Amino acid sequence: MQRLSEQILAHAEGLPEGAAVSAKSVLHLGNRAAVDQALSRLAERGQLIRAGRGVYLRPIASRFGTRTPSVEQAVEALAAQRGEVIVPNGAASANALGLTTQVPVRSIYLTSGRSRTMTLGNQVVELRHAPRWQLALADRPAGTAVRALAWLGPDKAEEALQTLKRKLPPSTFRELVTAAPQLPTWLARSLGKVAYG
């Protein structure tokens, strides 16, 4: 009979590189305490990477050895594992849309779950709980615009919306206008001025 850690590792190797393995996903192999201990041992040996409480990632193998999955892969895996919406924060969104030249130094994501940090090798990823309206359009281009506008704030929203109206495809801008009832008053007002005024 295989040891529990070997069974968990065999299960993890059947998953794509960078995929998440949670304690709950391998409970069919043993009781919770034993599974937690086996996962911890596998992380200590470097065969799995601990991303957060109860969530581990399968490392990516290359000809140079194993490495931690990218932050994007890890966040995607965590979102799928936990059933959360996890998206880049407003500063990263504003930078991606060309509304700011400021490049975020820290990896910060917004989540529908609780606020917490995730460690991937030497990198710390911060997950911050966000209001529902910032996550409403999830990872769609209109959602990226909402988060960028939220980060810019009421004073810069109208000017940024003028830029977005020119830059975004008309269908994306319409989607943004359609989402106005879900947005805070200051943003809905600015959106209405730019769209109809």
Side-chain angles (χ1 to χ4, degrees), residues 18 20 49-53 55 57 60 67-82 84-197:
I49 297 162
R50 186 177 190 272
R53 189 170 161 204
V55 178
L57 301 170
I60 295 176
R67 66 175 175 80
T68 305
S70 71
V71 171
E72 290 77 21
Q73 276 181 304
V75 164
E76 227 173 82
L78 185 65
Q81 191 81 31
R82 297 279 167 101
E84 294 177 25
V85 175
I86 302 177
V87 291
N89 74 336
S93 299
N95 180 269
L97 290 170
L99 297 174
T100 181
T101 55
Q102 186 178 337
V103 179
V105 178
R106 294 179 15 220
S107 293
I108 301 171
Y109 286 80
L110 303 179
T111 178
S112 59
R114 63 182 175 75
S115 295
R116 59 198 184 277
T117 57
M118 196 169 73
T119 307
L120 299 171
N122 296 333
Q123 192 165 11
V124 175
V125 179
E126 193 178 333
L127 300 171
R128 290 184 184 164
H129 178 75
R132 191 182 349 225
W133 65 270
Q134 287 188 29
L135 305 170
L137 298 167
D139 55 359
R140 297 159 63 157
T144 302
V146 167
R147 288 185 299 283
L149 292 163
W151 179 75
L152 289 167
D155 297 338
K156 297 178 183 173
E158 223 167 294
E159 183 184 332
L161 278 163
Q162 296 287 359
T163 305
L164 290 174
K165 189 175 183 180
R166 288 190 306 275
K167 285 178 113 174
L168 294 175
S171 59
T172 302
F173 195 77
R174 273 194 306 275
E175 186 179 12
L176 190 57
V177 172
T178 307
Q182 300 173 49
L183 305 175
T185 307
W186 64 267
L187 186 50
R189 187 181 306 119
S190 296
L191 194 51
K193 278 185 190 174
V194 172
Y196 306 114

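Index from 1, following the sequence. Computed from a predicted structure; not experimentally measured.
A 4.5 Å side-chain heavy-atom check between Arg82 and Val55 finds at least one atom pair inside the cut-off. Residues Ser70 and Ile60 are not in side-chain contact: their nearest non-hydrogen atoms beyond the backbone lie 4.5 Å or more apart.
Although no hydrogens or angles enter the test, the distance criterion places no donor-acceptor pair under 3.5 Å between the side chain of Arg147 and the main chain of Ala94.
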Listing, residues 179-188 side-chain donor-acceptor contacts under 3.5 Å, not counting sequence neighbours, or none:
none

Please tabulate, for side-chain N and O atoms in residues 160-174, each donor-acceptor pair with protein atoms closer than 3.5 Å (sequence neighbours left out).
from   : atom 1 : to     : atom 2 : distance (Å)
Thr163 : OG1    : Glu159 : O      : 3.3
Lys165 : NZ     : Val194 : O      : 3.0
Arg166 : NH1    : Gln162 : O      : 3.4
Lys167 : NZ     : Leu97  : O      : 2.7

Let me check something: any side-chain donor-acceptor pairs from residues 121-131 under 3.5 Å, sequence neighbours excluded? List them with distances.
from   : atom 1 : to     : atom 2 : distance (Å)
Gln123 : NE2    : Ser107 : OG     : 3.0
Glu126 : OE1    : Arg106 : NH2    : 2.5
Glu126 : OE2    : Arg128 : NE     : 2.7
Glu126 : OE2    : Arg128 : NH2    : 3.3
His129 : ND1    : Ser112 : O      : 3.4
His129 : ND1    : Gly113 : O      : 2.7

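To the nearest 0.5 Å, the span separating CG on Leu149 from CD on Gln134 amounts to 10.5 Å. Note that CH2 of Trp151 is 11.0 Å distant from CD1 of Ile108, once rounded to the nearest 0.5 Å. To the nearest 0.5 Å, atoms CD1 (Ile86) and CG (Leu78) are separated by 4.0 Å.
Counting only residues at least two apart or in different chains, side chain to side chain donor-acceptor pair (under 3.5 Å) contacts with residues 89-100 are absent. For the salt bridge (charged side-chain N to carboxylate O under 4.0 Å, His left out) condition, the pairs that include at least one residue of residues 184-197, sequence neighbours left out, are Glu158-Lys193.
Shown here are the salt bridge (Lys or Arg N to Asp or Glu O under 4.0 Å) partners of Lys156, two or more places apart in sequence or in another chain: there are none.
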